Number of protein chains: 2
Amino acid sequence: MESTVTATKRPDQAECAKAMIPVSDVLALIGGKWTIYVVTALVGGPMRFSELLRHIEGISQKMLTATLRDLEKDGFVSRKVTPSIPPRVDYELTDMGRELREPLKMLSHWAFTNRDRVDAARLKFEAAKLDG
Amino acid sequence: MESTVTATKRPDQAECAKAMIPVSDVLALIGGKWTIYVVTALVGGPMRFSELLRHIEGISQKMLTATLRDLEKDGFVSRKVTPSIPPRVDYELTDMGRELREPLKMLSHWAFTNRDRVDAARLKFEAAKLDG
DNA sequence: CGGAATCCTTCACGATACTG
DNA sequence: CAGTATCGTGAAGGATTCCG
């Protein structure tokens with residue numbers, strides 16, 4: 001079956017090269033400074049604009065608006081306006097938005113299990129720099 | 001055992017809120033414009049600086065240097081100098097760098113299976129904007 | 001309340017030139 | 001060959017003000 005496979009084949013090279021472009025794309029989609037914070041906040045259910053603003057510490061109203069617009073544009077969140085006085089706008093994750101959680105969980109798991117390795121590498125790098 | 005658990009608990013909220021910070025960190029680590037290109041190029045094995053420069057289309061030597069420095073600082077790639085004439089520098093993924101492929105594969109898989117959904121959402125968003 | 005508009009700062013990135 | 005140094009640009013993000 002696999003008698004012709006050589007040890008030097010390295011199929012991952014070409015394979016990953018193709019996959020690289022969409023990865024770059026999705027990174028552009030969720031790579032914004034506040035994107036994952038907004039997505040994560042909405043995982044628990046729909047939220048109003050002002051709720052998000054209070055819930056996500058440090059975000060400005062401008063960036064919240066921009067992030068929500070981008071997420072809406074790409075189909076990750078839906079926007080429902082209730083024309084009352086005062087107006088009410090609810091944001092909610094779409095099905096696709098919720099499915100984002102899977103790859104995000106992978107990333108968070110990786111990040112959590114590797115954070116001290118990264119820290120150690122940084123200290124080592126600093127030390128090596130001082131030694132010359 | 002779990003008689004006190006209510007239906008409105010939504011454990012994902014708090015759970016994700018904690019995981020959010022490291023996700024944001026790792027996104028900052030690999031969020032650079034060229035980072036995944038460099039990592040992907042190195043998946044096939046060690047490479048010299050000039051090889052990477054030729055292999056990664058469009059990258060400048062400044063950005064390649066900067067990206068490699070960042071990756072080295074965080075422990076994703078190792079740098080081996082051979083003081084010959086002309087000098088030779090080889091870059092290679094560390095174990096941790098190789099482990100990055102798993103979450104990256106998740107992202108690429110997600111991106112690939114969802115790219116037309118994103119496109120559709122964008123068209124719909126554009127159309128809705130024109131309708132007013 | 002939920003934005004839009006404006007101004008300003010920072011910084012990532014690109015192009016080019018120079019060096020051990 | 002493998003960088004460093006310098007300059008310039010645009011986009012991202014922050015603070016503030018105004019509006020329906």
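The structure displayed is predicted, hence computed values, not measured ones. Computed from heavy atoms alone, side chains included, the values below leave out hydrogens, waters and symmetry copies. Just so it is clear: chains get the letters A, B, ... in the order the sequence lines come, proteins before strands, and each one is counted from 1.
For V89(B), the listed nucleotide lying nearest its side chain is dG3(D); candidates were dG3(D), dC1(D), dG3(C). Of the candidates dC13(C), dA4(C), dG2(C), dA4(C) carries the atom nearest the Q61(A) side chain, counting heavy atoms from C-beta on.
Whole-Å rounding puts the E51(B) CD to dG3(D) P distance at 13 Å. Separating the CZ atom of R79(A) from the P atom of dC1(C) is a distance of 16 Å, rounded to the nearest angstrom. Atom-to-atom, NZ of K62(A) to P of dT9(C) comes out at 14 Å; the value is rounded to the nearest Å. Between the C1' atom of dG2(C) and the CG atom of L68(A) lies a distance of 11 Å, rounded to the nearest Å. One interatomic measurement links the two molecules: NZ of K129(A) to P of dT4(D), which rounds to 12 Å at whole-angstrom precision. Y37(A) has its OH atom 12 Å from the P atom of dG13(D), to the nearest Å. Separating the NZ atom of K80(A) from the P atom of dG2(C) is a distance of 14 Å, rounded to the nearest angstrom. Rounded to whole angstrom, the span from the CZ atom of R69(B) across to the C1' atom of dG3(D) amounts to 8 Å.
The shortest distance between the side-chain N/O atoms of R88(B) and the OP1/OP2 oxygens of dA2(D) is not below 4.0 Å. Dashed line: the shortest gap from a side-chain N or O of S50(B) to OP1 or OP2 of dA2(D) is under 4.0 Å. Dashed line: the shortest gap from a side-chain N or O of Y91(B) to OP1 or OP2 of dC1(D) is not under 4.0 Å.
One distance of note links CD1 of I59(A) with OG1 of T67(A); it measures 5.0 Å at 0.5 Å rounding. M47(A) contributes atom CE, which lies 10.5 Å from atom CG of L93(A) (distance to the nearest 0.5 angstrom).
In terms of polar N and O atoms assigned as donor or acceptor, the side chain of K33(A) never comes within less than 3.5 Å of the base of dG13(D) in a complementary pairing.
Looking only at side-chain heavy atoms (C-beta outward), D25(A) and V118(B) stay at 4.5 Å or farther from each other. W110(A) is listed as a side-chain neighbour of L100(B), based on a closest heavy-atom distance under 4.5 Å. Between Q61(B) and F49(B), some side-chain heavy-atom pair lies under the 4.5 Å cut-off.
The residue T65(A) sits close only to the backbone: its heavy atoms come under 4.0 Å of sugar-phosphate atoms, none of a base.
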